[in-house]
Each structure stands twice: as structure tokens, then as C-alpha cells.
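Chain letters run A, B, ... following the sequence lines, proteins first and then strands; every chain starts at 1. The shown structure was predicted, so the numbers you read here are calculated from the model rather than taken from an experiment.
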Amino acid sequence: MKLKEMNAALQRLRDKYAVKADGEIVAAKEGSIGNCAELKLADGTICKLLPWRKERRFIELKNLIDNKILEGVSTLRFMNLKAADCIRPLLYRELDLAAFLGEADVTSLFATVNGKTANLIVRLADGKSCSIECSAALPANAEPIDKHEIIARRGVACDRTVDTQVPQASIYEFTADGEKRYTDTDTELFGFELDEILTIRAAYAVLSDPSLVAQWNAIDAKVTAQVQNALESDKLRKPVCC
Amino acid sequence: MKPVKIAMMALTHGHTRKYYQTLRENSKLDWVASCAADQRAKDVYELYNNGVPCYLSAEEMFAKHPDIEAVVIASANDQHLKEMKLCAERGVHILSMKIPTFDPKEYDEMIELVDKAGIVCQIELEMHYNPVVKRLQEIIASGKLGKLLSVQMTNITLSPVWAFPWQGVPEASYGSRVPLKKGDSRFRGGALCDHPHIFDLIRWLTGSDFDYVYSQVAPNLRPDIEVEDMILASGKMKDGTAFLFDPSWSRMEERLAVPAPGWEVFPKRMEVNVTITGEKGTVMCDCFGPNVYHNGAPHDRYTVQYTYFDEWIGLIDEFVDCIRNHKQPKINLRWHRQTIDFMNACYKSVETGLPANV
């Protein structure tokens, strides 16, 4: 991540929208399994960042539930495949999204783990189920592939369109160098990679709403434990309470 | 920077709802007042609980709020000149909807009014602030596509005429009642008038102006409206780039009086797609995708839930910057003139059945 440029962009947003709180995006401490960057506030407090909670497709999916376009949510079906060193960050994100989109805490999970892959069946506090398919085993340089489906008594919502298996892009470019894809979603932060944009947006959200510091740090502790629970579940071959 | 004290006029334009959100949320703006074209528009306005006083007369609004610095003119096309005059007389800056007027004389008068008053008049063509379009512009500017050969663009939507009836009234939309062609019972003022964005974009992306255009209407999908809803246009730019445009209302809608969930019948109610072929490469682009999708309430139909839609942030940033720093907006009346001339040329081509020079 280009931390220097990201911090400059964060300051631009602060100035533009007159946000008083100040902070700096820094690399996450070794051993942290969540987002690879966190926010160091002016008083030295560290805030764990949950950038996917500020990703527009997840906000829009949540709006579909909150605005009662979907009614009676039953099951969430998540998939996350990418090239990565370890499965834990992928599980971390999907477990947090399960609570965020499912609007209930994770209470138990059953996991099967094999190398850089994991499959989870999760129970939420209100009885909903969530399945999570994760793989960190895509080849290097492969584009990440993910999918989040919400199945309700009335309606199914998904961040991938019907009859497709991989994410769509906004632009497909075909030249002698082959095919290249672009998906740009944020004019104010144009030029940054998606994970950088989401981190800046998450940091900006915290500066705009300082109550997120305690909230997100608490979530981080909870989800970090849940990831550990998943690994234990695999070893124990039984569901684990969270 | 001191927020710009802004007001809205008329409240009958299709983009009005988007402005409610923008004017409430953008810290560069201080939304002080609104005035509605009629009681119906005021009643709809009240549904949104904007917390901003709304009048039924622009004069009354200006009298009660002499501090208004800028106005969003959100009215039927035939009202724009009158409302621009009200603003120019008071030195109030203008954010104009996408069609200032189709009448060349009126258009000249608008330019003169704005020049004399020394005010900012920015035309609302929000695609300029779309991040996908920004990337497209970068790709073209990089030269990796080589010399551009051909461009195809869609700007297709549902028809807004049931919620915004003036868009189906030739006099209000086109400015006068002009038959499409001999023997045709329809009049100018329909889908073409609703979709200038792609005609503007091609000028911006190629850096060239229009040479000629051939345009053709098809039988209406909505036989009960007086204006065209299906229309195609093809021609060339002065640099030789060939183009094909589809600006139709080709997606059906529920006939709602107030836009709401379930408005669309086809899953994606609005599409701006671009294909550009150059000597060295091709790009295909969906300016409003990808999104999230559902088949929930109210009709349980498969529906695109638009996810990335923040063009109005950049648009307002530019408007405020131009006001505070005395700049000319990119999309000003003079720039936009050729796009309007092109649209008139499309109608001329429909009328004659032959290509028209622009």
C-alpha cells in the first residue's frame, strides 16, 4: 500500500469536509490478521480498520435488508478466493461481513480447513446460517474472486449478477498486450487501488465518527477469536461456540 | 471555504431527488430555500422532509432569501430562459439542467444574459464526474488504442414521463410542437431530449466535433405518448470517427407518479455503455456497473440496485469552485451549444430521412 499517498488523500478529505479529528494510516502490527493497515489517532490510540464495512456494494446489500426490500433473511452464502500467504485474513473479513450483513453476532461455527483453503458453516445469534468458502490458493497475480449472496423469504440479493461466476469489470480493454480490466468506483480517490481506497474511506469514517474506534476495536478482538475458533473447529471436528 | 447559499427552482426535473440528497449532504452548500413550479411539485417535495422552506413563486423566494447566491434550475425545458433571467437579474449563479433550450435564438439570449451578469452557468452533465469515464479518458489519452475509428454508446432508460409529465409534452420538452416527420403523429421532445450525455461525451473523448448524422425513429413502445421513445443515430465526427448512438427509452417502467422502488420493469433501468475501437485496440465500458442485484420488494423482480453513483459530488465541487474562484465551468453554455445543435440535426434527419450536417 502507498501509505504516504494514502495519508495525503486522507488529509484532503479531512480538509474538504472540515473533519476535525486527525490521524495517520499505518501498517498493521505484526500478528494482526485483519486489515493490513490501521489508523493511528493523534493521541496515539490505534483503531483497527474494517474497510469492507465502508465498501459500497456491502452498504447497498445491507440497505436492501434495512429498507425491507428483502424480507425474512435466512441464509448468507459467501465466497472469497485470492492469492495470499495465509487463509486467516480472508476468514476474518468474511466472518465480520457475516455479522455486518446478517445483523447478528456469530455464535457458533463448524470449519473444515485444508492448506490454504477453508469452508465454514456459521450460526448467527438470531438463527440465520452463513456458509463461507475461502481459498488463499489462487495463483499469484490472479484477480481476487468473491461473491456475497443473501437469501431471504422474499428475495435474493447478490453482489454478482445472475449467470456469472467471476466479478464483472467496468471496463474491458483489448489490445496487442492482451486483455486488461478496470473497475473504478470512487472519483474522489481515483488512481488508488481498491484496497487502498477502502482503507482511506474506513480511516476517514473513523475520523468523522470517533465512536467507531471502540466499536471496531471490539469487533477486531471478537473476529480474531472467531478465526482461531475456526482453526480449532477443524482440529476438533466439531462445531465451536464463539 | 464559505458554503454557497443555494436554492432550487421548479422541482419538476427528473434529477430533482438526487439534488435533494446532494444539497443536504454537501458541506460546501448551504441549502436555504426552494420554490416549486406548482402545488403538485410542492406536495411531492414535502414527502422528502427536506426541512427547507418551499415557495410557489420564485420572486417570493428571492424576496425572502436575498442571500441566495446560486440556484439549481430544475424545471421543464421551456421554463429555463425565464428562470435564467430571474437569476441573472439578481446576479445569482446557475446550475442548469442538461437542456438549456433547443431554440437557437433563446440559446444566444441565454449566453448574452450570463455574460452580461458575469455569473457562472454550469450545465449539468454529470457523466463528466463518473470514475469509469475518467478511466476511459485516460485510456484514450494514453494512445494505447491508437487512432479512434468507431464509437458506440447507449444511454437507455425507462421513460420518466409518468413521474415528470412535461417530458412527454412537446412544448415543454422541445419548446414547441414540431411533428417528427410528415405523416407521423408524434412530435419532437421525447427520449432524444432526455439523453444528451453520450453526444457530449464523444466530443470530449475524441476532441472532435460532429460532422453529420443520420437518425431514425421506430414505432413507440408506448403508443399513448406524443413524443418519440425509440430512436437511433449514426454518423461521423469531423476527425472521421464513426459513431452509433442509442438514446432510447427502451426499458419499460411502472407508471408511478413519484419514483420509488419497483419503478423499473427491466432489471437495469438506466445504462450508459460505451464501445470504442481504435487502430490498436478496443475498450468496452459500463459506466454504471457492476452493481448489486436482488429480486425483492415490491414486485419480486430481478433488479439492479445501483451501487456506485456519486457523480454529483464532482459536479458540485466544480460548481462551487467556479463560483468562489471566478472560473468558467467545463460544461458551459458555449461548449454545450454544439451538442444541442447535434440533437436538432438528429430531428432534422428524422424529418427528411436523410443525413443532416451539424
Got [X] and [Y] here, is their nearest side-chain heavy-atom distance under 4.5 Å?
X      : Y      : result
A:E173 : B:K144 : yes
B:Y306 : A:E60  : no
A:E188 : B:I313 : yes
A:Y17  : B:E25  : no
B:M284 : A:F174 : yes
B:E311 : A:T187 : no
B:Y308 : A:R57  : yes

Point to revise | Residues that A:S135 engages under side chain to side chain contact (heavy atoms under 4.5 Å, CB included), provided they are two or more places apart | key: A:L81, A:T117, A:A137

Point to revise | side chain to side chain contact (heavy atoms under 4.5 Å, CB included) against A:V73, all qualifying residues, sequence neighbours excluded | key: A:I65, A:L76, A:K128, A:I150, A:A152

Study note, to complete from the structure: Answer key: most heavy-atom pairs under 4.5 Å with chain B among A:T175, A:D15, A:I69, A:D159 is A:I69

Review point. If you count heavy-atom pairs under 4.5 Å with chain B, which of A:P167, A:C158, A:A169, A:G155 comes out on top?
Key: A:C158

Can you tell me how far apart [atom1] ([X]) and [atom2] ([Y]) are? Round to the nearest 0.5 Å.
X      : Y      : atom1 : atom2 : value
A:R56  : B:N291 : CZ    : CG    : 10.5 Å
A:S170 : B:R135 : OG    : CZ    : 9.5 Å
A:L61  : B:T307 : CG    : OG1   : 7.5 Å
A:Y182 : B:C285 : OH    : SG    : 11.5 Å

Revision key, fill the gap. Across all chains, not counting sequence neighbours, the side chain to side chain donor-acceptor pair (under 3.5 Å) partners of B:R203 are B:D209, B:T339

Nearest heavy-atom neighbours spanning [X] and [Y]:
X      : Y      : result
A:K68  : B:A297 : O-CB, 3.7 Å
A:D184 : B:V132 : O-CG2, 3.5 Å
B:I139 : A:I171 : CD1-CG2, 3.9 Å
A:Q168 : B:P290 : O-CG, 3.5 Å
B:V292 : A:L64  : CG2-CD1, 4.4 Å

Review point. Any idea which of B:V304, B:D286, B:L145, B:T282 has the most non-hydrogen atom pairs under 4.5 angstrom with chain A?
Key: B:T282

Point to revise | Selection from B:G289, B:G281, B:P131 maximising heavy-atom pairs under 4.5 Å formed with chain A | key: B:P131

Practice item. For chain A, find its close neighbours in residues 262-280 of chain B: heavy-atom separation under 4.5 Å, sorted by number, or none. Key: B:K280

Looking at [X], I'd like to know if its [atom1] atom is crowded, meaning that more than 12 non-hydrogen atoms belonging to other residues, nucleotides or ligands lie closer than 6.0 Å.
X      : atom1 : value
B:Q137 : CD    : yes
B:K18  : NZ    : yes
A:Q165 : CD    : no
A:R77  : CZ    : no

Point to revise | Side chain / backbone / both / neither for A:A18 at chain B, heavy atoms under 4.5 Å | key: neither

Review point. Is a side-chain donor or acceptor of B:Y302 paired with a backbone partner of A:V162 at a separation under 3.5 angstrom?
Key: yes

